Each structure stands twice: as structure tokens, then as C-alpha cells.
Amino acid sequence: MYQYNDYDDALVLSRVEEFRDQVARYQGGELSDDEFLPLRLQNGLYMQRHAWMLRVAIPYGTLSADQLRLLGNIADRYDRGYGHFTTRQNLQFNWIELSDVPDILEALAGEHMHAIQTSGNCVRNITTEAFAGVAHDEIMDPRPFAELLRQWATINPEFLFLPRKFKIAVSSADEDRAVIRAHDIGLYLYQHKGAAYFRIMVGGGLGRTPILNQMLFEQVHWQDLLGCLEATLRVYNRFGRRDNKYKARIKILVKSLGIDAFRDEVEQEWQKIRNSNSAPVVSEQQLARISAGFERQYPVVSAELDLEYGAWLARDQDFAQWIQQNTRPQKQAGYVAVVASTKRGPASYETCAPGDLSSDQMRELAALADRYSCGEIRVTHEQNLVLTDVARCDLYPLWKAFQRIGLATPNIGLLTDVISCPGGDFCALANTKTLPVERQIQRQFDQLDYLHELGELSLNISGCMNACGHHHVGNIGILGVTKNDEEWFQVTIGGQQGKAARIGKIIGPAFRAEEIPTVLQRLTDHYLSAREGDENFADCIARLGVEPFKQAVYQTNEKSEESC
Amino acid sequence: MSQLIAIRNGVAEQVFDDPWYVPASNQQTQVLKVEDYRQWLAEQAGTSSSLVPALQLSAADEPEELVELLQQAPMVALNFEKFTDGRAYSQAAVLRRNLGYQGDIRAVGDVLRDQLVLMQQCGFSSFLIRADKNAEQALQGLQRFRYGFAR
Ligand code: SF4
């Protein structure tokens, strides 16, 4: 895993001391609430409904086993024994005391971690897909570039008071598994004549005005990337709206100027930066140094051991199903990436939310990463965890261990692999709770056979318009709204992630929480009766349109009312 | 008492002898906004005056369009209407890096201790601390926590 250097560590520690001082001045009345607000947000500290929440940065979603163990220990010592992994691959502690925060940050710094820029109107944690470096369809490893961006964005003084938050993601595979199209800046890394280039997409975002990003530049050489981003951010910082929070994201600026005029502005600024020789240029050596941190030697694994694996596959149906659903091939022959599901299905739906891990699970998972993987854990944007580089011969014992700690639900990519924001149980901005709805869905769809028959289907839940659960790009999206002080849920279908991302359409009037399981059942039943061949849910909606699904949901509704 | 901090010879210090600032009244003097500066330039043609005024920009002003004024002004004040409005950081970067402005770049308005290091890194060289804040303490904002952005 990439190791931070002394400079990074010194910077993080100095930041901890600075924040300790700021907390003290806030508590002493020297800093007002308003003055303290952006300082604490830039250090990952939110005020939630019942308590302080601390969001810890997990750069490009990669943790070492030691870091995960530390997170588990912090959860025990300072929180209620668990943590919550978010859709942007960070980790949140929900029950924190303000006065403990400097100590927590100091503890994090001991393992090269921090909470810098995990919130606030600045460049947030840079994300990439969880299978970076190992994906079978990878073009180039995006992590060195994600790290480069991390260094560039961290405490970059010009861009800490932007009009609004700014999210950047990188992907470099045939399939986009990093929701690139929904980011303020999305980067597709590719190769051309032996060199690395970026296709730069700008102006995406969900929230109140869901928009997919558009192409800013088709081909930017990797050495020019930072200069180009600096120009883009500068144009946004200077001309983005600051009068209305809901119109302040870069997507609104891009939309109001039009992509071509926006591109002109960026090009002009970029040219000036180049003329002034102040462009941040990355040297070959710098990239080589960073890349070396991500390289790994793969011992050749012998085919003989695969026989045992094959035997288990034949003997144990449940194991075979888990392999089928929760593992992914790697480009390194003989190795497999394994997904630990945090969506535990009916087994424990009363006790945990999607993305939650108890401190024990964190420590157990860290030990498994040391034993069967490479001492490294990845966080997926679907709020699951990945161990890469598992040899086939280790899959069976690993599966057994996952079962023991409750992370073996074979539902990755299926309906019950629900992405959900924390909703009203925690979040102060929420219109509705989300977790009870998620639990009802888990209860309704507790038959694995039915889920497997449905196949690939993404379900996303957000507790308000801010869309942290990415409901717009779920095949089925659920959005909590309030009408006359009551909780209602609006259902969208046909959304999709990936390179051909689509925003879902609302099917009609909203539902009460208790109706949602039935609504979903009608949608999925209709799909099963209408699909052609092995067409998946999203493709089926793309072919038929929303209308027949809408009828299936609402007409049946009327009928059932008549009959009672 | 002076609310003005400046970086002189690489050292941040409280300043009492600045040409455009009167510590006793905590007021700026001879600091003109864009229109007034244009007027002063016009009236000035041919004559030589003792003190050349400084130029104050609002966050919406575009330095690129004011090159003529910048050639004259020994100091440019960039105004933070609110400390959360980050436009002046980019203005300073544009002034220093794109336009190669060599004079003093001063932060005025909602200027607070916790942002001074960031301002300095973007090219600001002096800071007029908000009137109700303690400038001596603010000075510490520049002296501690030196680790910052590596460019
Ligand atoms: S979508 Fe709304 S309710 Fe959910 S976490 Fe985001 S702000 Fe909170």
C-alpha cells in the first residue's frame, strides 16, 4: 500500500495541533459558531441530530489492516462500538464528543489518517473504484493519479472556500464502477500511444438538480492534469454562484454558461497559467515514486491447490453461490477479489444499517486481510468492503470466516445490496428516516432464490433531496419527502450508473413507508413477467419505458382497494 | 494598537508605519476603488504626486482587466466580504502568478486568524485584521502550524 512520507505525516500532525487550538478557542468563546463552522467541517466534524459526527478520510477507499484495527479501537473508545462506511468510501463515527475530537485526530495521525476535507465547501476525498489495480477490465491503475490528486487537493489554499463542495473521482476500466458521471469532475484515465491521458468530465452531481457531467476535454496528458484542474477550479471559485446554496455547485455554472462557453473560460485561464509558468507540473520521477507505492509482486499460485477449491465448489452449494455473487476475477491470474457484504439480509436487520461495521468486525476483517489478502481493505461506494489478492485456495476458509462474522451474505449487486444514506435516525437535514424502510425491504425480500432470479438490480435510498444515497442513479430509487409533516417516499425507476449513466424517472405519487415493500414486489414481479431472455431490470425498463411498471404498481393498488 | 500585520523580509509582524493605514483611527487612507482610481489616474496625467494611492478590489472585480491600474498601484487590497467567500484567494493567485504583480497584496474585510496562512500561500503579503479581533493573537496564526501546502 502507498505509504505517506514524512512531509504528509508532519502536515497531518500540525493540522491536529491547529484544530486542537481551534476547538479550545471555540470552547473558550473566542471563535463564534459561524467562525468555527468551516474550520470544523474542513476537519470532518458535523453536528448531527443527536451528537457530533466525525467523518474520517479514506483516500480512494483504501485502508491498511492496521488502520482498520485503529478505527475499530476508536469506535470502542470514543463511539458506540461501530462505524459507518459512506457512499464516498469514508467512515463516519456517529456519537462523538467535541472535546475528544483532537485526541481522536491525533490517534488517527498515528496511522497516517485524518479527517481533512471530508466535508465543507472544498475539494473532498478523491475516489476511485474499489477494484483499482486488480480489476480484470482495467486499462491503467488509477490509484497513483488519485494519490497525486490527493496531494494536490489537500489544504490547497486557493480552493478551501469554494462556493460549494467539490467531488472528484477517477476510473480506468471498461466498466465505470466509480459513478464518474455524477461527480463535479469525473476523470476517465486511458492510454494513447503508450502515454496516459484523461477524458475530463465536468458538472455532474445529484442532489436537488440531478445532472450528469459533460465532456470538458477529450484528451489531457497526465502531466497537464493538475494545471487543467487548477484552471477549472479557479473559474468555478471566481464565477460560481454564492448567493444561493442550491445553485452553487459547479453543475449550475456549467449549465448556465453552457459547456462550450465554460470550456472557453477554462481554456483561457489554463493558457494564462501556462504562460506564467506557474502551472503545477508533475514530473516523471514524481509519478514513478508514487506508482512504486502501489506496485505489488504476485507469487505464482500453483494449479494443484485449485483442485481443492474445485472440490469445495462442487460439494458446497452455498459456497458456490457466494463465489458466484461476491467474488470478482482479477487481472492477476489465480487471484480473486472478495466482497464482504455489510447488508446482512434478514439475519440481523434489526441491528445494523447498510455500511455499518462493529468494532469486532473491523478487527476480525483486518486480521483476515492480513492472513488471506495483502493486509489491505477497500471500501466500495456501495458501502461494502473488499479484500483483493486472495488466492483461490484460500477462498473456502475465508468464506467460513466471513460467515462467522456476518459478512458473507451472497447479495452483492442484488436488490438487497441496498445503498442507503443514514437518514433521519442520524442526519439533521433528513426529511425522513431511511433505515426502517431498508429493514422492511430486507424482510420482504428474504428469499435468496428470488433475489438471484431477479439478478443485478441496484436500489438506492436517500432521506432527502440532498441525495446522499444516490437514489437518482439506482435502478430503483427511493427518496424521502415530507407532506403535511408526514413521511412519504417517492419512487423512481430506470436510473443507472456507469458510463451510460441515466437519471431515474418518478413513477407517480409518493407512498407511505409501509407500502414500499409491496411497491417493490410489484415492480420486480412485473419485471420477471415482462423480461426477454436474460435482460436485466435496467435494460427491461430501458426497452419498455416507465409506463407499464407504473401501471403495475398503481393499478394493482386500486384493485386491492376495491377488493377490501 | 495596529490591526495590520505584514510580512516583511519573510517575517510576519504587526505594523505601525504603513502608508495606507492609520493605526490610531484604524482607518485606511488613500485606498481607492476601481472607478476612483481611474479618475485619479486621469487627473494625475503629467503631474507627480507624493503618495500613489493603493487600489481596492471587490471580489467581483477582475484583475486581468485592470492591468493599467495595477501598473501604478503599489498595493492592492482584496476584500473579503465574508471570510467564507473564497474569491479573493483566486484573485491573489491571479495577481501574483498570472499577472506577476510585485506589490503588496493586502487582505481586508472579514480577515481572521485561521485563514492567514492560506492567504499568505496564495500571495497575500499583508492582512488588516477585522476590527473586533485581537491582532497580536492573530499574528500567531501565521507563526504556528507552518506546515502547509507544498507547491
Ligand atoms: S440524503 Fe439527506 S437525509 Fe440522507 S444523509 Fe444526505 S442530507 Fe442526510
Side-chain angles (χ1 to χ4, degrees), chain A residues 5 7-22 25-26 30-32 34-39 41-42 120-122 151-163 226 230-231 233-240 242 268-269 271-280, chain B residues 57-65 67 78 80-101 107 109-124 129-130 132-134 136-138 140-151:
Chain A
N5 59 26
Y7 182 85
D8 290 308
D9 286 338
L11 182 141
V12 167
L13 267 178
S14 119
R15 191 55 184 223
V16 171
E17 285 319 302
E18 182 183 30
F19 192 59
R20 190 183 293 282
D21 176 64
Q22 288 163 344
R25 283 189 286 134
Y26 170 67
E30 194 191 313
L31 281 171
S32 69
D34 281 353
E35 288 162 9
F36 185 54
L37 177 76
L39 304 180
L41 289 180
Q42 285 173 9
N121 295 333
C122 50
Q151 294 177 9
W152 167 79
T154 302
I155 326 187
N156 185 328
E158 188 179 345
F159 305 128
L160 287 174
F161 292 95
L162 296 170
L226 298 186
E230 185 161 300
L233 265 292
R234 187 172 291 160
V235 167
Y236 170 54
N237 192 33
R238 290 178 68 188
F239 305 112
R242 290 176 183 268
Q268 279 176 32
E269 181 59 36
Q271 192 55 48
K272 286 177 200 154
I273 293 175
R274 272 186 284 209
N275 292 346
S276 72
N277 283 330
S278 69
Chain B
L57 302 187
S58 76
D61 287 330
E62 300 188 21
E64 295 92 334
E65 292 169 6
V67 174
L78 300 177
F80 286 85
E81 251 167 70
K82 282 181 66 186
F83 78 98
T84 49
D85 183 336
R87 284 178 288 179
Y89 293 101
S90 282
Q91 285 179 315
V94 164
L95 278 169
R96 279 282 185 249
R97 296 187 208 133
N98 291 5
L99 300 174
Y101 180 73
D110 199 5
V111 178
L112 306 173
R113 163 178 175 170
D114 293 287
Q115 283 78 48
L116 299 185
V117 172
L118 309 176
M119 292 175 185
Q120 184 194 358
Q121 287 166 347
C122 286
F124 285 94
I129 306 298
R130 202 174 79 188
D132 62 325
K133 295 284 177 182
N134 183 321
E136 264 168 74
Q137 286 175 2
Q140 293 178 16
L142 278 169
Q143 291 167 339
R144 293 170 69 186
F145 319 121
R146 298 228 60 109
Y147 273 93
F149 183 63
R151 232 189 115 81

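Residue numbers begin at 1 in each chain, while the letters A, B, ... track the order of the sequences. All figures in this text were calculated on a predicted structure; none of them were measured in a lab. Just so it is clear, the values below take in all heavy atoms, side chains as well, and ignore hydrogens, waters and symmetry mates.
- Residues A/E30 and B/R113 are in side-chain contact: their nearest non-hydrogen atoms beyond the backbone lie under 4.5 Å apart.
- Across A/R234 and B/V94, no two heavy atoms sit closer than the pair CD-CG2, 3.7 Å.
- For a residue to count as touching a neighbouring chain, one of its non-hydrogen atoms must lie under 4.5 Å from one of that chain's; by this rule B/D85 touches chain A with backbone and side chain alike.
- B/D61 touches chain A through its backbone: at least one of N, CA, C or O sits under 4.5 Å from a heavy atom, while the side chain does not.
- The candidate from B/N134, B/D114, B/L118 with the greatest count of non-hydrogen atom pairs under 4.5 Å with chain A is B/D114.
- For A/R238, the salt bridge (charged side-chain N to carboxylate O under 4.0 Å, His left out) test picks out B/E64, with sequence neighbours left out.
- Interface remark: A/L160 contributes side-chain atoms only to the contact with chain B (heavy atom separation under 4.5 Å).
- Atom CD of B/Q137 sits in a crowded spot, with more than 12 heavy atoms from other residues, nucleotides or ligands closer than 6.0 Å.
- Below 30°, between 30° and 60°, or above 60°: for A/F161 and B/F83 the angle between ring planes is above 60°, a perpendicular geometry.
- Atom CD1 in A/I155 sits 8.5 Å away from atom CD in B/Q121 (nearest 0.5 Å).
- In terms of heavy-atom proximity, A/R242 sits nearest to B/G86 at NH1-N, 3.2 Å.
- For chain B, the nearby part of A/R25 is the side chain; its heavy atoms alone come within less than 4.5 Å.
- Residue A/S278 comes nearest to B/R97 through the heavy atom pair OG-CB, 3.6 Å, listed as atom of the first residue, atom of the second, then distance.
- Heavy atoms of A/N275 lying under 4.5 Å from chain B are absent altogether.
- Summarising the geometry, atom CG belonging to A/L41 is positioned 11.5 Å from atom OG1 belonging to B/T84; distances are rounded to the nearest 0.5 Å.
- Shown here for A/F159 and B/S90, the closest heavy-atom pair between the two residues is CE2-OG, 4.2 Å.
- In this structure, the side-chain contact (heavy atoms from CB on, under 4.5 Å) partners of A/L13, at least two apart in sequence or on a different chain, are A/A109.
- Taking B/Q115, B/K82, B/Q91 one by one and counting their heavy-atom pairs under 4.5 Å with chain A, the maximum is reached by B/Q115.
- When heavy atoms are compared at a cutoff of 4.5 Å, A/N277 does not approach chain B at all.
- The structure places CG of B/N98 at 12.0 Å from CZ of A/R274, a figure rounded to the nearest 0.5 Å.
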